[in-house]
Amino acid sequence: MNALPGRFPARTVRVKAPGKINVSLNVGPLRDDGYHSVASVYLAVSLYEEVAATSTESPGITVSLSPESSLDLDAVDIPLDAGNLAYRAAAIMADVSEHATGVHLEITKRVPVAGGMGGGSADAAATLLACDALWNSGLSREELAHLAGELGADVPFSLLGGTAVGLGLGDQLSPALAKAQTHWVLVAADYGLATPDVYRTLDRLRADEGIVAAEPTGVDPGILTALRGGDADALSRVLINDLQRAAIDLAPALRDTLGLGESHGAIAGLVSGSGPTVALLADDPLAAEALATDLRRYGHAALAVHGPVPGARIISDTLL
Ligand code: ATP
């Protein structure tokens, strides 16, 4: 861990942060400020983004994507400038850190892009934690969570991890005690859905049907009970996502993916968040692996995961 004398002491802090699925998501009507209130149960799952933050002698923030990424980087559109959520997280940290340096962020992408699993949010959460360590900023978890909320509604949850109820824009989080694992198969699509489009579609569908949605005030306690006990059967009966029909309206093939999963052993399935990733619930780890294998035979990008898992964590800290 000793830097050579006279050389800039470059250091790399590597952090991993989980993607999430929304086990339940209730969406209120369009508000005057253009947002929607939600009530959601978030579950952090074992599919992780990684951010390696390296201090640089020259000032400024640079971003690259790691060749270790499990996604096809040529097929996705990820900005590498201030449009990247990780870049913005580093900029916010630099503002509040006395000893900020230049920083290079190398992101290993594994969470489907624009997939409704909060991949960009995980990158932002990982970057906050990495820069805090890199620059010895000494922020508390609460202070980091506050900055996370400024970056986006899903960023605080990726810092926190585990299971949590999210109210407001999804950023008012209350951790829920649920240590038992549930097992899922994630089916990624080879296209993305822009979250604002999905919300707009939901508003249109509701308007067409003359439905006035209620403001969500809380979540069905049955969901938390089922998660606490790791009771997949009970959970299968209470999964809900108000955005699902909007996602299916935009991408009708999602209905086939859900049907295929259920006819190959999933006990339930739902679109994750704004989609198009589909999360299929399985009885146990073996059933999840078997289901993922079956779906891959049909050409789907399917991966068995479990949750809850912890939030953003430092995995290494190296002086170069
Ligand atoms: P959300 O539900 O929060 O919109 P998502 O999981 O559906 O998240 P992301 O993968 O986070 O979607 O990205 C949505 C869009 O944000 C992408 O299409 C991309 O243009 C932009 N983006 C900005 N930063 C990132 C990042 N670090 N990784 C991926 N996309 C990013």
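Position 1 is the first residue of the sequence, and the numbers go up from there. All values below come from the heavy atoms of this structure, side chains included, with hydrogens, waters and symmetry mates left out. When a ligand or atom number is given, it counts from 1 through the structure's own listing order.
Ligand 1 places these atoms under 4.0 Å from at least one heavy atom of G119: 6 (O), 11 (O). Of all the atoms in ligand 1, the ones that sit under 4.0 Å from a non-hydrogen atom of G83 are 23 (C), 24 (N). Per-residue contacts place D123 under 4.0 angstrom from the following atoms of ligand 1 (heavy atoms of the residue considered): 26 (C), 27 (N), 28 (N). Under a 4.0 Å criterion applied to the non-hydrogen atoms of D154, ligand 1 contributes the atoms 2 (O), 3 (O).
Checked by atom type, the side-chain pair T201/D249 shows no donor-acceptor distance below 3.5 Å. Side-chain atoms of T62 and H104 form a donor-acceptor pair, as typed in the model, at a separation below 3.5 Å.
Environment of CD in E209: crowded, with over 12 heavy atoms of neighbouring residues, nucleotides or ligands closer than 6.0 Å. In the displayed structure, R255 atom CZ is contacted under 6.0 Å by at most 12 heavy atoms of other residues, nucleotides or ligands. More than 12 heavy-atom neighbours from other residues, nucleotides or ligands sit within 6.0 angstrom of OH on Y191.
The shortest N or O to N or O distance between K20 and ligand 1 is not under 3.5 Å. Checked against a 3.5 angstrom limit, the closest N/O atoms of L85 and ligand 1 fall inside it. Checked against a 3.5 angstrom limit, the closest N/O atoms of L193 and ligand 1 fall outside it.
Counting heavy atoms under 4.0 Å from ligand 1, residue D77 touches it through the backbone alone. For P79, every heavy-atom contact with ligand 1 shorter than 4.0 Å involves the side chain, none the backbone.
For atom 4 (O) of ligand 1, a protein heavy-atom neighbour is present inside the 4.0 Å cut-off. Using a 4.0 Å threshold on non-hydrogen atoms, atom 23 (C) of ligand 1 counts as touching the protein.
A salt bridge is defined here as a Lys NZ or Arg NE, NH1 or NH2 lying under 4.0 Å from an Asp or Glu carboxylate O, and R110 with E49 fails to meet this definition. By the 4.0 Å N-to-carboxylate-O rule, R31 lies too far from E215 to be salt-bridged with it. The pair R206-D242 meets the salt-bridge criterion, with a side-chain N (NZ, NE, NH1 or NH2) lying under 4.0 Å from an Asp/Glu carboxylate O. Under 4.0 Å is where a charged nitrogen must lie from a carboxylate oxygen, and between D294 and R297 at least one such pair does.
Counting only heavy atoms of the protein, atom 15 (C) of ligand 1 lies nearest to A114 CB, 4.8 Å. Annotation: atom 17 (C) of ligand 1 to nearest protein heavy atom, V113 CG1, 4.0 Å. Residue, atom and distance of the protein heavy atom nearest to atom 1 (P) of ligand 1 are T195 OG1, 3.6 Å. In this structure, atom 31 (C) of ligand 1 lies nearest to the protein heavy atom I78 CG2, 4.2 Å.
Of all the listed residues (A82, G192, G118, G120), G118 holds the heavy atom that lies closest to atom 6 (O) of ligand 1. Checking N84, L105, V155 against atom 25 (C) of ligand 1, the nearest heavy atom belongs to N84. For atom 7 (O) of ligand 1, the nearest non-hydrogen atom from the set G19, A89, G116 belongs to G116.
Using a 4.0 Å heavy-atom cutoff, K109 is listed among the residues neighbouring ligand 1.
Of all non-hydrogen atoms in A39 and L167, the two that sit nearest each other are CB-CD2, 3.6 Å.
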Between R204 and D208, is a salt bridge (Lys or Arg N to Asp or Glu O under 4.0 Å) present by the stated rule, with each step listed? CA-CA 6 Å; R204 177 177 56 74; D208 289 350; 3.8 Å; yes

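Checking L85, N84, T127 one by one against I107, the side chain to side chain contact (heavy atoms under 4.5 Å, CB included) holds for a single residue, N84.
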